[in-house]
Amino acid sequence: MTEISSVAVIGLGYIGLPTAAILAGSGLRVHGVDVNQHTVDAVNAGSVPFVEPDLDRFVQKAVAGGLLSAATQAPAADAFIVAVPTPFHADKSPDLSYIEAAGRSLAPRLRGGELVILESTSPPGATERLAEVIHEARPDLAEAGTLLFAHCPERVLPGKVMTELVTNDRIVGGSSKAAAEAAKGLYETFCRGEILLTNLRTAEMAKLVENSFRDVNIAFANELSMISRDLDIDVWELIELANHHPRVNILQPGPGVGGHCIAVDPWFIVDAAPSAARIIRSAREVNDSKPEWVIDQVKVKAFDVQQATGRAPVVAALGLAFKPNIDDLRESPALNIAAAMAEQFTGSTILAVEPHVDELPASLAGRDNVELVDPMTAIERADIVVLLVDHAAFADLKPLAAGKHVVDTRGQWREARVL
Ligand code: SAJ
C-alpha cells in the first residue's frame with residue numbers, strides 16, 4: 001500500500017479520541033467519526049466530552065492546526081481505525097453489533113488497498129468478522145483482495161492515556177505480513193514502545209489474557225479479604241506482609257471490579273472456551289460477588305444503629321467512580337453498591353459523595369432517599385461511613401469519622417498495625 005497520510009478513526013470515545021488526537025499530533029490528517037452529534041460538535045470545537053488528563057490540550061492543538069476534524073459519517077482515508085464498544089449480551093456472549101455497524105459504515109468509502117484496523121477489545125475471530133462484513137458490502141474489493149486488516153488492541157490505563165499511548169509496547173496482529181507491517185508503520189508515528197507483530201487471533205487473545213490476568217489476581221485479593229474477615233485478620237496487613245516475599249505480589253481488594261474492560265473481557269474467553277476457562281470464570285464470579293458482600297457488612301452495622309437509636313441509619317457512600325481519581329462511573333461497583341443501599345435500606349438516607357461529578361448519576365437521581373453532598377457534610381451527618389473509592393480527596397478525612405461506624409472497602413483508612 002501507499003504511505004498513509006490520512007486516517008479515519010471510527011468511535012471517538014476513551015480510546016478513539018486520544019488515538020485520533022495523537023495521530024494528528026504526528027502530522028497525519030485525521031477524521032474522527034462518531035454516531036453521537038454531541039461528541040462530534042465537542043471535538044470540532046476543540047473540546048473533550050469526558051475527563052482524561054492532558055487530552056484536551058492535544059485535541060485543541062490538533063483541531064486548531066486543521067489536522068483533526070469530526071463528522072458522523074466516515075470519509076475516504078488511507079487507513080481506518082475502529083474503536084467502538086464491544087459489550088456483552090445478557091448471557092455474557094460478545095455483542096459485535098457495533099463493530100459490524102462500523103464495518104458497514106466505512107465499506108462504501110473504500111477504494112481498495114486501505115488498511116482497516118480493529119482496536120476495540122474483541123473476542124477471537126472479531127477482526128475476521130469485520131473483514132467479512134466489509135467484503136460482503138464490497139464484493140468488488142473481496143475479489144480484488146487488496147484490503148489489509150489488522151488488530152491492534154489498546155492497553156492504556158484510563159487517567160494515563162496520553163502517556164501510555166506513547167510509552168506502552170504494542171501488539172499488532174495482521175491478516176498478512178503486509179497488513180501487520182502497514183499497521184506497525186502507522187503506530188510507529190507516535191508509539192515509542194516496542195511494536196510486536198503476530199496474527200489476528202493471537203493479538204485478540206493477548207489483550208483478553210492481559211485483563212483476565214489482572215482480574216484473576218484481583219479476585220485472589222478479594223477472596224482473601226472475605227476469608228480474612230471470617231478469621232478476624234486485617235487483610236491489608238496480611239497482603240503487605242506476604243508481598244515482602246520476593247516472588248509474591250498480591251493486588252488490593254476492593255468493593256468489586258469495575259470499568260468497561262476487566263469486568264467484561266474475561267467473559268469473552270469464557271464464551272470462546274466454556275469448559276476449559278475454569279479459573280477465569282471463577283475469578284469473574286468472585287469479583288462480581290464482592291459488592292453483595294460489602295452490602296452485607298453495611299447491613300450488620302445498620303442493624304446495630306437501629307438497635308441503639310431506634311431509627312434507620314444515615315449512610316455516607318464515599319466515592320461512586322469505578323476507581324480512584326477519575327470521573328468514570330461506568331460499570332462501577334461503588335455506584336452499584338450506593339444504588340442497592342438506596343433500594344434496600346428503606347427509611348435510611350444515603351449521602352452520596354463523588355468529588356468528580358456535579359449531579360447524581362441516573363441510577364441514583366430521582367430517589368428521594370439519596371442526596372449528593374460534599375465529603376465533610378456526608379461524614380458529619382452519617383451514622384455509617386462506607387468508603388467505596390480511595391480518591392486522594394478522602395485520604396485525610398478519617399479523623400472526621402471518629403465515633404462513626406466505618407466500612408472501609410479499600411483499606412484507605414486502615415489502622416496502623418497494633419500487636
Ligand atoms: N482494582 C482492584 N484492586 C487492584 C487493582 C484494581 O480492586 O489492585 C479494581 C479497580 O478499582 C477497578 C478495576 O479493578 O474497579 C479495574 O481497574 P484497573 O486500574 O485495574 O484497570 P482499568 O480497567 O482502568 O484498565 C485496564 C488495564 N489493564 C491492565 O492493567 C491489565 C489497562 O492497561 C487496559 O488498557 C484497560 O483495562 C483496557 O482498556 O482494557
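When a ligand or atom number is given, it counts from 1 through the structure's own listing order. Predicted model, so just to flag it, every value in this text is computed and none were measured.
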Worksheet item: Hey, is Arg367 close enough to Glu343 for a salt bridge, meaning N to O under 4.0 Å?
Response: yes
Worksheet item: Of all residues at least two apart in sequence or in a different chain, which pass the ring-ring contact (aromatic ring centres under 6.0 Å, His included) check with Phe394?
Response: His391
Item to complete: Fit a plane to each ring of Phe149 and His135, take the angle between them on a 0 to 90° scale, and name the class: parallel (under 30°), tilted (30 to 60°) or perpendicular (over 60°).
Response: perpendicular
Fill in: Identified side-chain hydrogen bond (donor to acceptor under 3.5 Å, both in side chains) partner of Glu204 from the options Thr198, Thr127, Thr121
Thr127
Nitrogen or oxygen contacts under 3.5 Å, ligand 1 side and protein side:
{"unit_1": "ligand 1", "atom_1": "3 (N)", "unit_2": "Gln252", "atom_2": "O", "d": "2.7"}
{"unit_1": "ligand 1", "atom_1": "8 (O)", "unit_2": "Gln252", "atom_2": "N", "d": "2.9"}
{"unit_1": "ligand 1", "atom_1": "8 (O)", "unit_2": "Gln252", "atom_2": "O", "d": "3.4"}
{"unit_1": "ligand 1", "atom_1": "11 (O)", "unit_2": "Phe322", "atom_2": "O", "d": "3.3"}
{"unit_1": "ligand 1", "atom_1": "11 (O)", "unit_2": "Arg410", "atom_2": "NH1", "d": "2.9"}
{"unit_1": "ligand 1", "atom_1": "11 (O)", "unit_2": "Arg410", "atom_2": "NH2", "d": "3.3"}
{"unit_1": "ligand 1", "atom_1": "15 (O)", "unit_2": "Gly258", "atom_2": "N", "d": "2.9"}
{"unit_1": "ligand 1", "atom_1": "15 (O)", "unit_2": "Phe322", "atom_2": "O", "d": "2.7"}
{"unit_1": "ligand 1", "atom_1": "19 (O)", "unit_2": "Lys323", "atom_2": "NZ", "d": "2.9"}
{"unit_1": "ligand 1", "atom_1": "20 (O)", "unit_2": "Arg214", "atom_2": "NE", "d": "2.5"}
{"unit_1": "ligand 1", "atom_1": "20 (O)", "unit_2": "Arg214", "atom_2": "NH2", "d": "3.1"}
{"unit_1": "ligand 1", "atom_1": "24 (O)", "unit_2": "Lys323", "atom_2": "NZ", "d": "2.8"}
{"unit_1": "ligand 1", "atom_1": "28 (N)", "unit_2": "Asn211", "atom_2": "OD1", "d": "2.8"}
{"unit_1": "ligand 1", "atom_1": "33 (O)", "unit_2": "Arg155", "atom_2": "O", "d": "2.7"}
{"unit_1": "ligand 1", "atom_1": "35 (O)", "unit_2": "Glu154", "atom_2": "OE1", "d": "3.3"}
{"unit_1": "ligand 1", "atom_1": "35 (O)", "unit_2": "Arg155", "atom_2": "O", "d": "3.1"}
{"unit_1": "ligand 1", "atom_1": "35 (O)", "unit_2": "Val156", "atom_2": "N", "d": "3.1"}
{"unit_1": "ligand 1", "atom_1": "35 (O)", "unit_2": "Val156", "atom_2": "O", "d": "2.7"}
{"unit_1": "ligand 1", "atom_1": "39 (O)", "unit_2": "Glu154", "atom_2": "OE2", "d": "2.7"}
{"unit_1": "ligand 1", "atom_1": "40 (O)", "unit_2": "Lys207", "atom_2": "NZ", "d": "2.5"}
{"unit_1": "ligand 1", "atom_1": "40 (O)", "unit_2": "Asn211", "atom_2": "ND2", "d": "2.7"}

Practice prompt. Look only at the side chain of Glu119 and the backbone of Ala83, and say whether a donor-acceptor pair between them is shorter than 3.5 Å.
Written response: no
Worksheet item: Can you check whether Ser122's main-chain N or O pairs, donor with acceptor, with Ser120's side chain at less than 3.5 Å?
Response: no
